[in-house]
Amino acid sequence: MIDPSLAGRIDLIGSRFTETPLVRLEHDRLRLYAKLELNNPHGSVKDRSAYLMLRRAIERAELTAASTVVESSSGNLAISLASFCRILGVPFVPVIDPTINPSTERFLRAACDQVEKVTERDETGGFLRNRLLAVRRLESALGNPYWPNQYGNMDAADAHEEMTGAELSRALDRIDYLFVGVGTGATVAGLSRRMKQRRPQTRIVAVDAEGSAIFGGSPGARRIPGIGSSIRPPLVDQAQIDDVVTVSESATVDACHRLLRRHGLFAGGSSGSAYAAIEEYFQGYRGPPPSVVFLAVDRGTAYADTIYRPGWLDEWAARPAVTGRTRG
């Protein structure tokens, strides 16, 4: 049975969404467009997947007023869930790690009564597997837990097919290439499904990070949250991908600064990774200008102390390894 109080509040959340802009960026070889997902209510594309996962969980009575939501997140999904759960009136426990942006962690500690921070690296050199272990421990300890499981929940992919992808289809008659950063796989799964159904000629280019294992690379330490993974999330197998471009973290940082200086877009790491991938993919291209789209998935505000601080990447690389596990 659907909880009527949650049903009314999720409708309130849904009313906050408006179509995000698609803007053309100056480029000498491409018709380049950025879809400004940073204009979503809490500043990122993750608002869409968080909203639909919660809505459908309420409709299936998996999420009730007595539930506690728990989820592993590198940042943006946790922000969305923390904000939406406050509106719903249900507790939310985010499971984070040291790669989280400092401002995001401060927000979560202000918005949530409990935050779990995993600080021990797993066998891959990252934190994701240990974050997921922490989620399972919390599920056992909490009464009425609800884990959205952004890594395998098709509702998250549906959000990008029904919302993000539908908006792109309305905005442009032709999309030759769509570049999508891949983390959980939800965005690329939903968008590729929409594009291939409506415009089969569109090439879907997945953007991954060095140190990510999603497309068969060797897992390793990564410093920029939001793109890449130390596992291959199940949702990636639902995506229809034509090409993959892997981007270094230094290229991501440089691209974020170019987006700001050349185009006035103050965007986050995944956006910079997609922009860097486009520049690499079309290096030396001299044909007719294709129509190329990427997502500016979040704002640069959360990265002011990291990507946009001179010397940050070098400082991080010089830090000693972090060990142990803390709760907070």
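Note that the coordinates shown come from a computational prediction; the quantities given were computed from them, not determined experimentally.
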* **Salt-bridge present (E116, R109; N to O < 4.0 Å)** => no
* Members sharing L235's hydrophobic cluster (side chains within less than 4.5 Å) -> M154
* **Side chain E249, main chain R223, donor-acceptor under 3.5 Å** => yes
* Provide the full list of salt bridge (charged side-chain N to carboxylate O under 4.0 Å, His left out) pairs with a residue in residues 259-273, sequence neighbours left out, each pair given once. => none
* Supply the atom-to-atom distance S169 OG to R194 CZ, rounded to the nearest 0.5 angstrom. => 5.0 Å
* **Linked, directly or transitively: V23 and V292 (ILVMFWY side chains, under 4.5 Å)** => yes
* Salt-bridge test for E123 and R129: reply yes if a basic N is under 4.0 Å from a carboxylate O, no otherwise. => yes
* Could you tell me whether R193 and D158 make a salt bridge, using a distance below 4.0 angstrom between a side-chain N and a carboxylate O? => yes
* To do: Let me see the working for R309 and E315 under salt bridge (Lys or Arg N to Asp or Glu O under 4.0 Å), right down to the final yes or no.
  => CA-CA 10 Å; R309 181 164 63 81; E315 291 174 14; 2.9 Å; yes
* To do: Specify the closest pair of heavy atoms between A276 and R258, including all atoms of both residues, with the distance to one decimal.
  => CA-NH2, 4.4 Å
* Asked: Between Y151 and V93, is there a shared hydrophobic cluster once you connect ILVMFWY residues whose side-chain heavy atoms come closer than 4.5 Å?
  -> yes
* To do: Give, for atom CG of N144 and atom OG of S67, the distance between the pair rounded to the nearest 0.5 Å.
  => 5.5 Å
* Asked: Is there a donor-acceptor pair closer than 3.5 Å between any side-chain N or O of S270 and the backbone N or O of G226?
  -> yes
* Could D242 and K196 be called an ion pair, given the rule that one side-chain N must be under 4.0 Å from one carboxylate O? -> yes
* Is the ring centre of Y177 less than 6.0 Å from the ring centre of F282? -> yes
* Asked: side chain to side chain donor-acceptor pair (under 3.5 Å) with R31: which residues, sequence neighbours excluded?
  -> none
* Which atom of G228 lies closest to which atom of S212, heavy atoms considered -> CA-OG, 3.5 Å
* Asked: What do you reckon, are the aromatic ring centroids of Y308 and F266 less than 6.0 Å apart?
  -> yes
* To do: Report the relative orientation of the aromatic rings in Y51 and F17; use parallel for angles under 30°, tilted for 30 to 60°, perpendicular for over 60°.
  => tilted
* Hey, is CD on Q201 packed in by over 12 heavy atoms from elsewhere, all under 6.0 Å? -> yes
* With sequence neighbours excluded, tell me which residues meet side chain to side chain donor-acceptor pair (under 3.5 Å) with D11. => R55
* Members sharing V188's hydrophobic cluster (side chains within less than 4.5 Å) -> L22, Y33, V45, L168, L172, I175, L178, V180, V182, L191, M195, I204, I214, F215, V236, I241, V244, V293, L295, V297
* Considering all heavy atoms, the nearest S80-S44 contact -> OG-OG, 4.3 Å
* Same cluster (ILVMFWY, side-chain, under 4.5 Å), V253 and V245 -> no
* Does L52 belong to the same Ile/Leu/Val/Met/Phe/Trp/Tyr cluster as I13, with side-chain heavy atoms less than 4.5 Å apart forming each link? -> no
* Asked: Are any non-hydrogen side-chain atoms of E71 and V95 less than 4.5 angstrom apart?
  -> no
* To do: Using a strict cut-off of less than 4.0 Å between a Lys/Arg side-chain nitrogen and an Asp/Glu carboxylate oxygen, indicate whether R232 and D237 qualify as a salt bridge.
  => yes
* **Partner residues of S273 under the side-chain contact (heavy atoms from CB on, under 4.5 Å) criterion, sequence neighbours left out** => V207, I227, T252
* Are the charged groups of R48 and E167 less than 4.0 angstrom apart, N to O? -> yes
* Working to the nearest 0.5 Å, report the span between CG of L313 and CD1 of I307. => 9.0 Å
* **NZ/NE/NH1/NH2 to OD/OE distance under 4.0 Å, D122 and R131** => no
* Between atom CG of L108 and atom OG of S73, what is the distance when rounded to the nearest 0.5 Å? -> 7.5 Å
* Given P288, P290, P289, the one that forms side-chain contact (heavy atoms from CB on, under 4.5 Å) with D176 -> P290
* Hey, mind stepping through E105 and K117 against salt bridge (Lys or Arg N to Asp or Glu O under 4.0 Å) and telling me if it holds? -> CA-CA 10 Å; E105 182 172 355; K117 188 172 185 179; 3.0 Å; yes
* Asked: Do L259 and L38 share a hydrophobic cluster (ILVMFWY, side-chain heavy atoms under 4.5 Å, transitive)?
  -> yes
* Asked: Would you say the side-chain atoms of S103 and Y303 include a donor-acceptor pair closer than 3.5 Å?
  -> no
* Might you point out which heavy atoms bring A302 and T306 nearest each other, and give the distance in Å? => O-OG1, 4.5 Å
* Asked: Nearest 0.5 Å, what's the CD1-CD1 distance between I10 and I58?
  -> 4.0 Å
* Asked: Angle class for the Y281/F179 ring planes (parallel below 30°, perpendicular above 60°, tilted otherwise)?
  -> perpendicular
